[in-house]
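Scope of the values below: all heavy atoms of this structure, side chains included, with no hydrogens, waters or symmetry mates. Everything numeric here is computed off the predicted structure, so don't read it as measured data.
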Amino acid sequence: SAVVLRRGNMKNEQEILVKRIEYLCEEKGISKYKLALKASVPVTTLDNIMKSKTVNPGLFTVVKICNGLGMSLADFFDCDEFHSIEADTE
């Protein structure tokens with residue numbers, strides 16, 4: 001059986017992603033510019049994600065951001081906000 005995220009509230013999911021990156025940058029005391037450098041992600045790419053111009057960043061971009069934050073993908077998504085996203089099983 002496959003798990004399908006409900007796409008009805010993609011804007012909210014994007015906001016959760018942005019808030020999570022902002023929170024982790026603040027917690028680790030690094031700027032978004034420094035994160036982009038540490039993650040080997042173009043500053044414009046990170047900026048577009050943070051300004052919601054890129055609504056659905058690719059998995060490998062998110063993995064790079066996690067690496068820049070010094071954490072695993074699992075740890076990045078392990079927060080109440082992501083756990084609250086509804087999922088359907090088919």
Side-chain angles (χ1 to χ4, degrees):
S1 73
V3 174
V4 178
L5 288 178
R6 289 190 181 160
R7 296 247 179 215
N9 206 353
M10 187 61 117
K11 180 73 173 159
N12 186 45
E13 292 161 11
Q14 176 67 22
E15 289 172 9
I16 293 170
L17 180 72
V18 169
K19 295 288 184 204
R20 182 71 170 151
I21 294 170
E22 287 175 345
Y23 170 78
L24 292 167
C25 281
E26 187 174 317
E27 182 181 74
K28 295 176 182 296
I30 61 173
S31 67
K32 289 172 211 61
Y33 176 76
K34 181 149 186 169
L35 172 59
L37 293 178
K38 291 177 75 160
S40 300
V41 171
V43 175
T44 53
T45 298
L46 185 60
D47 193 50
N48 285 338
I49 293 168
M50 301 308 288
K51 291 180 179 176
S52 297
K53 290 180 181 178
T54 300
V55 179
N56 191 14
L59 176 62
F60 293 111
T61 301
V62 177
V63 168
K64 285 181 171 185
I65 291 169
C66 291
N67 290 340
L69 291 165
M71 64 193 321
S72 69
L73 197 59
D75 288 338
F76 180 83
F77 286 106
D78 188 18
C79 66
D80 291 340
E81 293 80 6
F82 283 117
H83 290 275
S84 70
I85 295 174
E86 293 183 38
D88 286 333
T89 56
E90 291 182 342

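Applying the side chain to side chain contact (heavy atoms under 4.5 Å, CB included) rule to T44 yields the partners P42; only residues at least two apart in sequence or on another chain are considered. Residues satisfying the side chain to side chain contact (heavy atoms under 4.5 Å, CB included) test with K34, not counting sequence neighbours, are I30, S31, K38. Listed by chain and number, the residues in a side-chain hydrogen bond (donor to acceptor under 3.5 Å, both in side chains) with E26 amount to none (sequence neighbours excluded). Under the side-chain hydrogen bond (donor to acceptor under 3.5 Å, both in side chains) criterion, Y23 pairs with E27, sequence neighbours left out. Every residue meeting the side-chain hydrogen bond (donor to acceptor under 3.5 Å, both in side chains) condition with S72, not counting sequence neighbours, appears here in chain and number order: D75. Legend: residues meeting side chain to side chain contact (heavy atoms under 4.5 Å, CB included) with E22, ordered by chain and number and at least two apart, are V18, K19, K32, M50. Annotation: side chain to side chain contact (heavy atoms under 4.5 Å, CB included) contacts of N67 (sequence neighbours excluded): V63.
Applying the salt bridge (charged side-chain N to carboxylate O under 4.0 Å, His left out) test to every pair with at least one member in residues 58-72, sequence neighbours left out, gives no pairs at all. Within the structure, salt bridge (charged side-chain N to carboxylate O under 4.0 Å, His left out) contacts touching residues 50-61 (residues at least two apart or in different chains) are D47-K51.
Residue L46 holds its CG atom at 7.0 Å from SG of C25, rounded to the nearest 0.5 Å.
At a threshold of 4.5 Å between side-chain heavy atoms, the hydrophobic network of Ile, Leu, Val, Met, Phe, Trp and Tyr places F76 and L59 in one connected group.
By the 30° and 60° cut-offs, the orientation of the rings of F77 relative to F82 is perpendicular.
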_Evaluation steps, side chain to side chain contact (heavy atoms under 4.5 Å, CB included), between E15 and N12_ = CA-CA 5 Å; E15 289 172 9; N12 186 45; 3.9 Å; yes
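Side-chain contact check for R20 versus L17: every heavy-atom pair is 4.5 Å or farther apart. Between T54 and T61, every side-chain heavy-atom pair lies at or beyond the 4.5 Å cut-off.
Side-chain contacts under 4.5 Å among hydrophobic residues (ILVMFWY), followed directly or transitively, place L37 together with Y33, V43.
Closest approach of I49 to P57, counting heavy atoms only: CD1-CB, 3.8 Å. Of all the heavy atoms in M71 and L24, the pair that sits closest is SD-CD1, 3.6 Å. Considering all non-hydrogen atoms of both residues, L35 and G68 come closest at CD1-C, 3.7 Å.
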